[in-house]
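All remarks here apply to the structure that follows.
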Amino acid sequence: MSTRATYRFIPADRRFKPAITLYVHHDGYPEGAANYLQGVSSAEDFIRNNPRAEITLNHEVHGDTEYRYDIIGISRTINAYKREGYGNDAAWVRFFDGSFDEFIEQNLPAIEYLRVTA
């Protein structure tokens with residue numbers, strides 16, 4: 001499924017390391033994102049674990065994305081957004097704001113269920 005998403009990794013101290021945004025063309029819905037993020041602790045890990053990931057400038061570069069994920073530094077929190085509407089009426093609505101582990105736990109079971117029943 002071509003559900004596009006961007007993943008921005010924001011370091012704890014941006015004076016020494018910039019935020020890195022990655023684009024993935026497929027499976028950007030929350031369950032797919034949890035699968036991509038499982039076992040990841042940095043942008044480098046994400047790239048290593050997800051060969052489809054491409055480095056991009058920022059969330060805004062890809063106008064066709066449906067989801068955005070901000071993974072925030074040492075606190076290991078995620079802010080997740082879904083695009084509501086299109087064109088001039090488009091808005092990004094936050095649907096998750098919490099810990100990295102909570103996001104994985106809430107969304108990964110759906111993927112595991114799909115694997116077992118497929």
Side-chain angles (χ1 to χ4, degrees):
M1 179 179 230
S2 292
T3 305
R4 297 156 181 84
T6 49
Y7 303 79
R8 181 171 56 178
F9 289 81
I10 303 167
D13 189 345
R14 293 184 69 177
R15 293 177 300 165
F16 302 110
K17 188 174 180 183
I20 297 173
T21 305
L22 303 166
Y23 170 81
V24 180
H25 187 78
H26 299 283
D27 302 331
Y29 47 86
E31 295 86 355
N35 191 46
Y36 286 141
L37 291 166
Q38 187 178 22
V40 167
S41 61
S42 66
E44 293 84 357
D45 285 345
F46 190 91
I47 292 167
R48 210 174 355 266
N49 293 347
N50 301 291
R52 294 180 179 170
E54 303 171 17
I55 297 172
T56 190
L57 184 62
N58 56 43
H59 284 309
E60 291 75 25
V61 168
H62 297 275
D64 61 350
T65 56
E66 294 181 50
Y67 291 92
R68 293 178 176 179
Y69 300 94
D70 288 331
I71 298 91
I72 304 162
I74 201 146
S75 65
R76 294 199 30 95
T77 59
I78 293 180
N79 291 323
Y81 304 86
K82 180 174 181 11
R83 184 180 60 206
E84 299 288 335
Y86 291 90
N88 293 335
D89 295 329
W92 289 98
V93 177
R94 184 167 45 194
F95 67 89
F96 184 87
D97 179 3
S99 80
F100 189 88
D101 294 333
E102 275 182 289
F103 182 82
I104 301 296
E105 284 177 28
Q106 285 180 16
N107 294 291
L108 194 59
I111 287 290
E112 294 304 317
Y113 175 77
L114 290 173
R115 286 185 185 148
V116 171
T117 60

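- Among all heavy-atom pairs drawn from I78 and Y69, the shortest one is CG2-CD2, 4.5 Å.
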request  = Assess whether side chain to side chain contact (heavy atoms under 4.5 Å, CB included) is satisfied between E44 and F9, documenting all intermediate values.
outcome  = CA-CA 10 Å; E44 293 84 357; F9 289 81; over 6 Å; no
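- We find the CD1-CG distance between I72 and N79 to be 4.0 Å, quoted to the nearest 0.5 Å.
- Summarising the geometry of R83 relative to Y86, their closest heavy-atom pair is NH2-CE2, 2.7 Å, with the distance given to 0.1 Å.
- The CD atom of E102 sits 9.5 Å away from atom CG of D97, with the distance rounded to the nearest 0.5 Å.
- Between L57 and T21 the shortest heavy-atom distance is O-OG1, 4.1 Å.
- Between Y7 and D27, the closest heavy-atom pair is OH-O, 4.2 Å.
- The 12-atom threshold is exceeded at CZ of R76, counting heavy atoms of other residues, nucleotides or ligands nearer than 6.0 Å.
- The OH atom of Y67 lies 7.0 Å from the OG1 atom of T3; values are rounded to the nearest 0.5 Å.
- Hydrophobic clustering (ILVMFWY, side-chain heavy atoms < 4.5 Å, transitive): V93 and F96 are in distinct clusters.
- Using the six-membered ring where Trp is involved, F95 and F103 have ring planes that are tilted, between 30° and 60° apart.
- Counting only residues at least two apart or on different chains, the salt bridge (Lys or Arg N to Asp or Glu O under 4.0 Å) pairs with a member in residues 57-71 are R4-D64, R8-D70, E60-R68.
- Between the CG atom in N49 and the OG atom in S42 there is a gap of 9.0 Å [rounded to 0.5 Å].
- T6 and H62 are not linked by any side-chain donor-acceptor pair at a separation below 3.5 angstrom, with hydrogens and angles left out of the test.
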key: side chain to side chain contact (heavy atoms under 4.5 Å, CB included) assessment of H26 paired with Y36   = CA-CA 10 Å; H26 299 283; Y36 286 141; 4.1 Å; yes
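- Of all the heavy atoms in A90 and G85, the pair that sits closest is CB-O, 3.7 Å.
- Of all heavy-atom pairs between V61 and N58, the closest is N-OD1, 3.1 Å.
- Of the inter-residue distances, the one linking Q38 atom CD with N107 atom CG reads 11.5 Å to the nearest 0.5 angstrom.
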task = Please lay out, stage by stage, how H59 and T65 fare under the test side chain to side chain contact (heavy atoms under 4.5 Å, CB included).
result = CA-CA 8 Å; H59 284 309; T65 56; over 6 Å; no
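- Here CD1 of I20 is found 11.5 Å from CD1 of I10. Values are rounded to the nearest 0.5 Å.
- When hydrophobic side chains of Ile, Leu, Val, Met, Phe, Trp and Tyr are connected at separations under 4.5 Å, Y23 ends up as a singleton with no cluster partners.
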